[in-house]
Structure formats: C-alpha cells, structure tokens
Amino acid sequence: MCGIVGFTGARSAAPILLDGLKKLEYRGYDSAGIAVMDGPAISVVKVKGRIASLCERTDGGQNVSGVTGIGHTRWATHGAPTEENAHPHLSNDGRFAVVHNGIIENYVSLREELMSEGYRFESETDTEVIVHLIEKYYRGSVREALVRTANRLQGSYALGVICTEETGRIYAVREASPLILGIGAGENYFASDVTALVPYTRNVIYLEDGEFAELSAESVRIFDCTGQEVRRKVSRVMWDVQAAEKGGYEHFMLKEIMEQPAAVKATIAPRIRNGRIEIEEIGGILSGLGDIRSIVITACGSAYYAGCAGRYALERLSGIPVRTELASELRYSDPLIDGHTLVIVISQSGETADTIAALKECRDRGARTLAVVNVVGSTVARLADSTVYTWAGPEIAVATTKGYTTQVAVLYLLAVCFADRLGRLPEGESGPVESLQALPRRIQQAIDMNPGIPALAGKYHESRALFFIGRNTDYAAALEGALKMKEISYLHAEAYAAGELKHGTIALIEEHQPVIALCCNRALMEKTLSNIVEVKSRGAEVLALTFRNNQKILSAADDLLFIPEVDPLFSAAVEIVPLQLLAYHVARENGCDIDKPKNLAKSVTVE
Ligand code: AGP
C-alpha cells in the first residue's frame, strides 16, 4: 500500500505535504514524491528511499514554492522502487499530476490503448495510465475528465490530482482505498489516514467508494460517480496529535506495546455494564444468535492469529463450533457458508485486500458478518453487517501489538456476551466478566514482571532460528510471538503445536537450539513439560513463559519469562506481551529498522 496527501490554502504547500507524508510513511517507504503548483507551473520532486531524503532534497520543502500540492509515499507493486516509478506522475502535456494508492487491475490493456494513441510512458507503474486517461478525457473540466477516467479503471484507487488549468484546486477520488478529507479554516486537505490530518484539523469527511472531491482553500465539494453533487457529514476525530507521536519512546512499536493496558481497557471497559457485557453495535447479530450454527473467523497475519487466540473462548463459552480460516485461503475455497454462519472478520486497518475479498465472498453466500476493526470508516467496517471497533488508537509501527491485543479482547467480549445471551452463563456467574475486567491490569503486570528481557535478547539475538511451542491458547500466542520475531528481527522463527514436535520438527533440535516454550495453561502443563524435557535432552536451550510459582517449569527451563496467572481461556492477550518485548529487544540488538521492517507495509491492500 501507499500513502497520499493533498493540500490547498494560502501557506506554502511543500512543508505540509512532507509533514503529512512522514505520518503516512508506515504505509510504504521505498520512494516518495511531491508535486506543487506555483501559478500555472507544476514542480515535481521525487526520490528513491525515505521521506527524510525527500526533505533533504527540498530543504524541508523550502525550495519548492506554491500553495497547492499533492504527495505520495510508495510501497512498490508495479515496477521497482526507483525515482522514475515514484509518484507523482505527470501527463505528457505537463498539465496534470497524479498520486495513487491502490492497484489498477486493467492497466495492461489501458496502457496498450494509450500507447497506440501516442501517449508516452515514463514509468513501469500501473498508475501512469490514470494521468494519461485524464489528459485524454480533459475538455476544459477536470471533474468531467475524472468521471470518465474513473469509469475506465478497474481495481482499487485513492487518487490525488492537480491541474495547471485550475490553480488552487486539488481533486481526490476514492474507490476501495482509504481517503479522508480534512476541513480547515481557509485551507483544506486530503490524506490516506487521519494521522496526517490531525496536526491541522480534527474535522474530517470520510469519502465513500465511487466519490470524488474538489477542494480549494475555501470550499469542499463532493460528487458521486456520475458527477452529481452529494452532501457528507463532517466527523470529529477524538484523539489528539500525541497519540500519533512517539512520546519519548525510541520506537512506535515500544510505545504501542506499553499502551496496551490502556488500549485494552478502552476496548473492554465501556462494554461492561452492571456486570454484563453490552455491545451495542451487534444488536442485530444478537437477536439472530439462536440461528447461528457455526462461526468462521477470517483474517490475515496477526489479525488471523488474534482469531486463533480468541477461538477457544468463543467456542467454549458460546457452545457454537468456531473455525478459523486465512482470508487468502477462504476466498478461493468455495466455503460451506450460509445464512446460519456468522463470519467474524478481523482487521486493524480495515483495508487488507484478502480480508475484504473473503468478507464479500461470505456475504454473497448469505452469511451474517461482524467486523472487528480499528480504523474508523475503513472498507471492512463499511462492508460488514455490524462492526465492533477496537479503540486501540492509531497504530503506526508496521508490526502490530496493541492492534492484536485489542482484537483478541474483542473476541473475548463476544465470547462472554454470546454465552450470556444464549443462557450459558450460570446465574450469578461473574468469573468471565471479572477476568476481562482484570485484563488491562494483567497486561501491565506482564510488562512489569520481565525487566530481564533486554538481557535475554542479548543472549538469543544471534540465533539462526527460534522455535516457539505451546498447546491450545499457548500455541495460538506462540504463532503471533513467532511472527513478531520474524517480521522485525528477520530471525527465522516458527511456532509449533507442542504435540507436533515428534512428528518431524524435533529433527531440527540440536545443541543450543533456542526453544521458547509457552506454559500458561495448568491443565496442559505436564504435557508441555514433557516436550520441554524432550527438546532439552537433545541439547535445546529452553526459554519458558509461565507463572512465577510454577516450580516444575522453573526448574526445567534455562531462562524464564513471566506472566501473572490468568484464566487460560483469556491468557493469550497477556502471554503475547513478553514475546512482543522479546522480539523488540532482539531486533534492537540486531540494529533492525523496527518500525519499518524491510519489504513490509502496514496494511496489505494488494492480493
Ligand atoms: C502484523 O504485525 C503484520 N504487520 C500483519 O500480519 C497484519 O496483521 C496483517 O497484514 C493484517 O492486517 P490488518 O489487521 O490491517 O488486516
């Protein structure tokens, strides 16, 4: 995915565009560029690499004059990360500049058509067809050219457009990629994410698919795909600028790990009333709960692992069979899903391409759909029948932490809520609700109980590979722990269900091989202990994650991570915290770019 910004007003545009791009850099960071209009001339500056290089090249924007402009930070899909492929792209006549987030699926045929008509291409991108189409259809009205261009495009796009014939104006177009307008005083903006807007305004409009906006310093007009003007309500962003700043932490990831007690509290606390779970947003789902015969949880990456972690509580407490499916698999699996299936779709960004496709597939088969989403107004949130927001606040680090724990927390809430509505919580049974209420505290304890993690990172950071093992909810947390390690430290890390070791993986255990064993379920403790003994007797070094008073594990392991004792049904959200910290400190030891790991982007808007 990529990030786009636009500004028009009376101030110098370039510094504002650069500032916005810095906030969006988590969305892609292999090249960047801005196009600024000064009178009827467009200056374009592009670099391969980070926004910092773009700032350097433009002296923080000081050497690019003009009060109207657009900007882009790229995660390459079509064409290598080079200056030529960086956005903005210009039309052949130099009158239009375009930035784009998304994918144009029919770009090959459009490119051939345009080339046969004499248009010259300067890049390998899919985006460039857009700017040439605009030039082709322009007959004196950018708005009309955009309507005709949008009609030719298949795929997803959020576009920013400027034209030398309309100084002081920026255009924004949305189809299946996020785009938000910022409404200021005497200046207006657009951006892929509100984080780029909040330093300037809290008044925003979430564009709908198929809509486009015409912004000048004084006005914001929105049109539908036929060119008819439409009215949209202005929303107020409630969180403040500091939420998207590092706040004294070395990395966003560390800040976000530390924010987890507060984030999980913000997710859970407002949904507990008089000792019961009340989730207003799912009234429709609750009224039809008796008809639900199965629950399918679908998502990608960590959001999928959140589903794996929440599945146990959901199935055990509701009594409804629950299965988890990777969204990228489900969408092509011709799934057995019907009107008696509740599909829970999980996504921090709400923009993940495979997750959106799986959601649509399930909806088309008649399933009821419930989204667990963090980003307000995102595509997944709009498509589902009901949405439960996680209220984690902005998550900037590419590796999710508070996004994951709040997703798991929502699944726990759903589990207890469903059990209650289905009459499966015995009268006066307050245990599950109390466990959820205590979760933020337990997460804080898990942070406080492990001051030795930097030293452990010093011991393990040069390992060739790390194996994570556990059973049931321990296994679910192990999956996410291993992903965290892989994505930010680039160490090979794999999670195995502990009972599976003997079926192959144990062949890899040799002298000093680190094995991280999760043992936070007393009922399964002896079983995991026997796996610890098996790997130790083959030379492994065992780092166990368990409770402070768990004597047997304490004496079997070489090193220890701790969590407070938690009901195993709800423990994954606590277990993951020391593993996030371990991954963070290993990556730090290895000098990795923790907030922006190589080859990744915050949300994957392509298949
Ligand atoms: C997690 O650290 C990853 N960056 C990634 O696996 C992520 O969880 C996945 O791409 C899903 O994203 P989403 O929650 O925004 O849909």
Side-chain angles (χ1 to χ4, degrees), residues 1 3 26-29 75 101 156 176-178 192-193 195 251-254 256-257 260 263 297-310 324-331 344-360 371-384 387-390 392-411 476-477 479-490 493 495 576-577 579-581 583-584 587 592-607:
M1 80 179 167
Y26 72 90
R27 301 176 65 86
Y29 32 87
W75 185 75
N101 168 35
S156 60
S177 286
S192 301
D193 184 343
T195 49
H251 297 98
F252 278 109
M253 184 182 178
L254 186 58
E256 289 159 7
I257 290 173
Q260 289 179 109
I297 303 178
T298 190
C300 298
S302 292
Y304 171 74
Y305 292 146
C308 296
T324 50
E325 296 257 6
L326 288 164
S328 53
E329 288 292 312
L330 179 102
R331 62 183 292 192
I344 301 179
V345 178
I346 308 174
S347 178
Q348 189 284 131
S349 64
E351 302 296 341
T352 303
D354 282 320
T355 307
I356 293 169
L359 167 57
K360 287 182 177 163
V372 179
V373 172
N374 191 37
V375 177
V376 175
S378 54
T379 305
V380 170
R382 290 152 191 258
L383 289 175
T387 297
V388 181
Y389 283 111
T390 50
E395 192 180 59
I396 311 293
V398 165
T400 183
T401 52
K402 62 177 180 172
Y404 167 87
T405 40
T406 53
Q407 287 163 350
V408 178
V410 168
L411 294 176
L479 288 164
E480 172 62 5
L483 180 60
K484 285 284 90 70
M485 187 63 80
K486 275 188 264 224
E487 67 181 330
I488 60 164
S489 77
Y490 317 141
I576 191 59
V577 175
L579 302 182
Q580 294 166 341
L581 284 166
Y584 172 82
C592 301
D593 190 347
I594 294 179
D595 285 336
K596 300 187 190 80
K598 66 174 186 223
N599 304 337
L600 296 179
K602 182 69 183 159
S603 91
V604 184
T605 52
V606 292
E607 193 177 341

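Atoms within a ligand are numbered from 1 in the order they appear, just like the ligands themselves. No hydrogens, no waters, no symmetry mates; every other heavy atom, side chains included, goes into these values. Residue numbers start at 1 and run along the sequence shown.
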Students should be able to answer this: which protein heavy-atom is nearest to [atom], and at what distance?
atom	result
atom 11 (C) of ligand 1	C300 O, 3.3 Å
atom 12 (O) of ligand 1	T352 OG1, 3.5 Å
atom 10 (O) of ligand 1	V604 CG2, 4.1 Å
atom 15 (O) of ligand 1	S349 OG, 2.6 Å
atom 2 (O) of ligand 1	E487 OE2, 2.4 Å
atom 14 (O) of ligand 1	Q348 N, 2.7 Å

Worksheet item: Do any N/O atoms on S302 end up under 3.5 angstrom from N/O atoms on ligand 1?
Response: yes

Discussion item. Using a plain distance cutoff, I'd like to know if V398 has any nitrogen or oxygen under 3.5 Å from a nitrogen or oxygen of ligand 1.
Written reply: yes

Practice prompt. Identify whether the distance between the nearest side-chain nitrogen and carboxylate oxygen of K598 and D593 falls below 4.0 Å.
Written response: no

Item to complete: Check whether any heavy atom of K484 sits under 4.0 Å from an atom of ligand 1.
Response: yes

Discussion item. Going by side chain to side chain donor-acceptor pair (under 3.5 Å), name the residues that satisfy it together with E256, two or more places apart in sequence or in a different chain.
Written reply: none

Practice prompt. Find out whether V372 and V345 are in side-chain contact, i.e. whether some heavy atom of one side chain is under 4.5 Å from a heavy atom of the other.
Written response: no

Item to complete: Please examine the side chains of L483 and S302, heavy atoms only from C-beta on, and report whether any two atoms are closer than 4.5 Å.
Response: yes

Item to complete: Check S156 against A176 and note the closest heavy-atom contact, atom names and distance.
Response: CB-O, 3.7 Å

Discussion item. Applying side chain to side chain contact (heavy atoms under 4.5 Å, CB included) to K484 and M253, what does each step give before you reach the verdict?
Written reply: CA-CA 11 Å; K484 285 284 90 70; M253 184 182 178; 4.1 Å; yes

Report, in ascending order of atom number, the atoms of ligand 1 lying under 4.0 Å from any heavy atom of [X].
X	result
A303	8 (O), 14 (O)
A399	2 (O)
G301	6 (O)

Discussion item. Here's a test for you: under side-chain hydrogen bond (donor to acceptor under 3.5 Å, both in side chains), which of E395, Q407, Q348, E480 qualifies with T400?
Written reply: E395

Worksheet item: Can you name the residues that form a salt bridge (Lys or Arg N to Asp or Glu O under 4.0 Å) with D193, not counting sequence neighbours?
Response: none

